[in-house]
Every structure is written in C-alpha cells, then in structure tokens.
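Index from 1, following the sequence. In each ligand, atom 1 is the first atom listed, and ligand 1 is the first ligand listed.
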Amino acid sequence: MNTLFWFRRDLRLFSNEALIEALNNGAKKAIFFICEKQWQQHNAAPIQIDLLKRRLNYISEQLAQYAIELHIIDAPYFADCESALLSFCDKHQVEHVIANKEYELNEVNRDAQILTKCDEKNITFTLYEGDVIAPVGTVKNQSNEMYKVFTPFKKQWLKQYQDTHFSLLPWPLKKLAEGKNNSPVLKCDGSSEKWPVDDDSLATIVDNFICDKLSSYDDQRDIPSIKGTSGLSPYLALGIISPKQLLVNIQNRYPDILTTSKSKTFTWINELIWREFYRHLIAQFPKLSRGDNFNEKYNSVTWRKNEADFKAWCEGKTGYPLVDAAMRQLVQTGWMHNRLRMVVASFLTKHLLINWREGESFFMQHLIDGDLASNNGGWQWAASTGCDAQPYFRVFNPITQSERFDPNGKFIRKYLPELEKVPDKHIHFPHAYLASIGGDKHCYWPAIVDHKAARERAIAAFKV
Ligand code: FAD
C-alpha cells in the first residue's frame with residue numbers, strides 16, 4: 001500500500017512509532033500542513049511558530065538523508081487540510097495515511113471529517129497515540145470513568161505501568177550516502193533561537209537533566225532563580241521529544257523509577273503524569289476546548305471587566321514584584337517558571353477577579369510551550385474552576401510566595417532592574433521602603449490592589 005505520513009505536533013523521527021510504522025509500510029513521503037490562520041485563532045505564540053518552523057526545516061533535512069520527502073503545504077485553516085490531503089493522495093496515489101492523534105476539539109473534528117472522506121475514497125486513515133504514554137481512555141476508575149482527581153489517576157497509571165520497562169522501536173532505515181533535500185526552507189524570524197532544534201543538542205539537554213538535575217529536582221523546582229526544572233516543555237508541546245523517550249532515558253539510569261513513587265527522584269515523573277492527566281481530560285471533556293468551566297458550579301462567578309487592571313498584569317505593572325517580574329519573564333523570553341505561572345494566574349483570577357480565559361489566551365499568545373490541555377488545566381486549577389483544582393478560598397499571597405521562593409529577590413532583580421538596590425528584606429513589597437527613602441515615586445508602580453481586601457472580594461465572589 002502506498003503510504004503517507006502526516007506530521008503534526010509530533011515533530012520527531014526516532015521515537016515516533018507512527019512514523020516508523022509508516023516507514024515499515026514503505027512510506028517515501030511525508031506532509032505537514034502550515035495552518036497559519038488556524039494557529040492565529042488558537043492564539044499560538046509567534047515564538048512557538050518560529051520553533052516549529054525551525055524544527056520542520058531540521059527534520060526535512062534529516063528525512064532527506066533517508067530518501068523521504070517532506071512536503072510542506074499551506075492550508076490556512078484546518079478545514080483546508082481535507083482538500084489539500086485528498087488532492088495530495090490523488091496526485092501521488094496514496095492509499096494509506098498515518099498520523100498521530102491530537103486531542104483538542106478542533107483537531108478531533110478535523111480528523112473525523114477527514115476519516116469520512118478517506119473512507120469514501122478508499123484511503124485508510126490510521127491514528128496512533130504518540131503524545132502520551134497511556135493512551136487516552138485507558139486509565140479509568142472502577143466505574144470505567146475518567147478520574148476527576150489527580151492522585152487516584154496517578155496511582156492507577158502507575159499500577160498499569162510500574163512493571164513496564166519502556167523501549168523504543170528500532171529505526172528502520174539506513175542513511176543514504178548523499179541525501180538531497182528538495183523541500184523549500186521555511187522562513188523563520190529567529191525569535192526562538194535560544195532553543196536548539198537539532199537532535200544532538202536535545203540529547204545533551206536531556207542527558208544533562210537526567211544525570212545532574214533529576215535527583216535535585218524535588219528541592220529546586222520551586223525556585224525561579226535556579227534552573228532546577230528540565231526546560232523541556234517547548235519540545236514536549238510540539239512533540240519534538242516524546243514523553244516515552246524521556247521515560248526510556250530515565251529508566252536506563254533509574255530502572256526502578258516507576259516503583260519508587262515516594263522517592264525524590266520520582267517527583268519529576270509526577271509532572272509527566274500531570275501532563276497525561278490534562279491530556280486525558282481534554283480528550284474526554286470537549287467542553288474544555290470550548291472554554292467552559294470544568295466545574296459548572298462556578299459558572300455564576302461574576303468576573304470583573306477591567307481593562308486597566310488586565311493591562312497592568314500583562315505589562316508587569318501590578319506593584320507586586322514577584323508577579324511583575326514573572327510577567328516580564330513571559331513577555332521577554334516566551335517561557336515562565338511553573339511556580340510563577342501559579343502565582344500570576346492566582347493573582348489575575350483572585351486578586352483582580354478577572355476571567356481566567358483572559359489569562360489563558362494571554363499565556364498562549366506568548367508561551368513557547370503553549371499547549372491547550374496543560375494551559376487550560378493550569379488556569380482552571382488556579383481559578384478553582386477546574387478538575388481537582390485549588391479550593392477557591394486558598395488565595396496565594398504574592399508577598400509570602402515571594403519571600404518563600406525568591407528569598408533574596410534574585411529573580412525579581414533580574415527582571416525588575418529598577419528594584420536592584422532595594423534591600424532583600426523590602427524587595428517583596430518595596431513601597432514603604434521606597435517612600436521612606438524619599439526615592440523617585442515613579443521608580444516602581446503602586447500596588448493596584450490591597451492583598452487582604454482583594455482576597456476577601458475573591459472569596460465572597462466565589463461563595464455566591
Ligand atoms: P518540568 O518541571 O521539568 O516538568 C517536566 C514536564 O512535565 C514539562 O515540560 C511539562 O510537559 C510537564 N509538566 C510539568 N508541570 C506540569 C503541569 N502542572 N501540568 C501539565 N504538565 C506539566 N505547560 C505547558 O507545557 N504548556 C502550557 O501552556 C502550560 N501552561 C500553564 C499555565 C498555568 C497557569 C500553569 C499553572 C501551568 C502551566 N503549564 C503549562 C505547566 C507547567 O508550568 C509547565 O509545563 C512547566 O513550567 C514547564 O517547564 P519545564 O519543562 O521546565 O517543566
């Protein structure tokens with residue numbers, strides 16, 4: 001059967017079982033659809049699109065070394081993929097299309113329509129699950145339903161996989177002496193350049209993390225001034241690295257990792273399972289892709305519409321240094337530390353009582369790792385509207401969070417150089433200190449809300 005591989009957010013060669021299956025079936029061609037308009041509708045950040053294009057250029061070169069042609073085709077909206085795919089299949093007599101599943105609603109609808117059309121044309125369309133370790137719908141409770149709490153989901157996930165020693169399928173092709181790449185090179189704006197896209201550099205990043213950081217992750221992961229987390233989220237979001245590949249690498253070094261869930265080294269695996277949890281949720285609750293609250297109980301919360309407050313949050317001008325430094329990290333680098341994502345999301349939805357959907361969109365527009373399932377999960381967790389979310393009466397205090405996780409203000413000073421000379425003990429809320437030294441009033445923004453009053457307002461709004 002003449003087989004075609006369709007790349008999506010699975011931009012990798014060697015740990016891509018669906019691709020390997022296609023190659024084993026004799027595939028010589030692959031496609032990728034550039035859906036610029038659709039991506040805009042999904043709020044994809046320019047920095048993420050740049051990373052995607054750079055990686056496409058890279059894998060196109062790699063595929064050419066195995067005599068596989070990558071065809072990169074413009075299909076502005078998902079709706080355009082159908083005719084583009086069918087005319088490609090027609091032109092190249094393709095009888096079988098293989099791809100990896102995506103779980104968001106628009107993607108699922110696109111695939112359902114394409115499946116129907118393929119059936120009509122006698123083309124087989126097969127979808128694999130390369131973005132998760134546990135295929136969605138396979139981790140269920142005794143009533144055969146999706147868990148609505150993370151811990152039992154994790155326990156069941158571990159029960160299913162604790163005896164598995166993961167491995168990758170062998171790569172089936174030999175390199176040509178001279179591969180010729182005829183694909184046009186995609187223009188990139190270079191905004192993502194700090195993030196390498198070649199497999200050698202990525203292997204080094206993964207190895208360094210596993211060898212040097214995995215065991216200290218538990219102690220360091222909450223300190224934003226330390227590079228204590230893996231920084232792999234942009235690669236996982238675009239499928240440049242697969243979660244399974246990471247587990248294989250970890251098990252090579254820590255063979256018992258899945259049976260030692262109480263150990264500190266396990267903590268990082270926990271995060272990978274959170275990622276799976278949110279993917280399983282988005283696949284099983286399409287309302288999440290539509291922007292609905294997971295917990296309908298909170299549909300009656302009245303969010304404030306306040307452009308000025310939202311703008312202050314976006315621009316890092318709330319007068320709460322940790323919040324402001326975090327928002328500047330996001331806007332300047334396209335990435336934000338997890339602890340800070342929780343703090344700023346809580347600040348927007350509780351202190352400012354602004355709809356979590358506004359924050360969710362702003363994050364997507366700027367994050368290099370923007371990913372609907374995890375982003376929606378994170379925002380609804382912080383806003384208390386989500387599945388297994390933070391209870392509404394727990395409102396992070398941005399000053400104590402700052403004292404705990406950035407005690408010397410190292411992170412704050414990096415992104416708020418205007419506070420460089422403020423002593424450590426005042427850095428977390430410097431207003432009284434700045435007034436006492438009679439400093440320039442304009443050197444830092446006044447606090448836009450009072451913590452205690454804002455907290456009470458949020459709790460009252462959620463109680464209603
Ligand atoms: P590490 O700590 O090294 O974790 C390893 C991997 O596990 C991450 O790369 C990520 O794929 C996954 N992971 C870690 N924490 C979570 C989590 N809480 N939920 C789901 N997966 C997780 N992550 C995204 O990938 N894309 C997003 O758009 C996104 N938006 C978020 C929004 C909010 C409000 C919050 C609170 C969290 C969000 N996260 C998102 C989760 C998390 O903040 C990032 O995955 C993490 O900061 C990425 O850094 P890292 O790769 O160094 O993570």
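- A donor-acceptor contact shorter than 3.5 Å links the side chain of Gln48 to the backbone of Gly370.
- For residues 142-155, every residue pair satisfying the side-chain hydrogen bond (donor to acceptor under 3.5 Å, both in side chains) rule, not counting sequence neighbours, is listed here: Lys154-Asn270.
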When you pair each N or O of ligand 1 with protein N or O atoms, which pairs come out under 3.5 Å?
residue, atom, partner, partner atom, Å
ligand 1, 2 (O), Tyr217, OH, 2.5
ligand 1, 3 (O), Ser230, N, 2.8
ligand 1, 3 (O), Ser230, OG, 2.6
ligand 1, 3 (O), Trp268, NE1, 2.8
ligand 1, 4 (O), Trp268, NE1, 3.4
ligand 1, 9 (O), Ser233, N, 3.2
ligand 1, 15 (N), Glu271, OE1, 3.0
ligand 1, 26 (N), Asp369, O, 2.8
ligand 1, 28 (O), Asp371, N, 3.1
ligand 1, 30 (N), Asn375, OD1, 3.1
ligand 1, 43 (O), Asn338, OD1, 2.7
ligand 1, 43 (O), Arg341, NE, 3.4
ligand 1, 51 (O), Ser230, OG, 3.4
ligand 1, 51 (O), Leu232, N, 3.1
ligand 1, 51 (O), Ser233, N, 2.9
ligand 1, 51 (O), Ser233, OG, 3.4
ligand 1, 52 (O), Thr229, OG1, 2.6
ligand 1, 52 (O), Ser230, N, 3.3
ligand 1, 52 (O), Gly231, N, 2.7

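- Residues passing the side-chain contact (heavy atoms from CB on, under 4.5 Å) test with His451, sequence neighbours excluded: Tyr320, His351, Asn397, Pro398, Arg455.
- Contacts classified as ring pair (Phe, Tyr, Trp, His ring centres under 6.0 Å) and involving residues 233-253 (residues at least two apart or in different chains) are not found.
- Nearest approach of Arg304 to Asp309, heavy atoms of both residues: NH2-OD2, 2.9 Å.
- In this structure, Glu420 places its CD atom where only 12 or fewer heavy-atom neighbours from other residues, nucleotides or ligands lie under 6.0 Å away.
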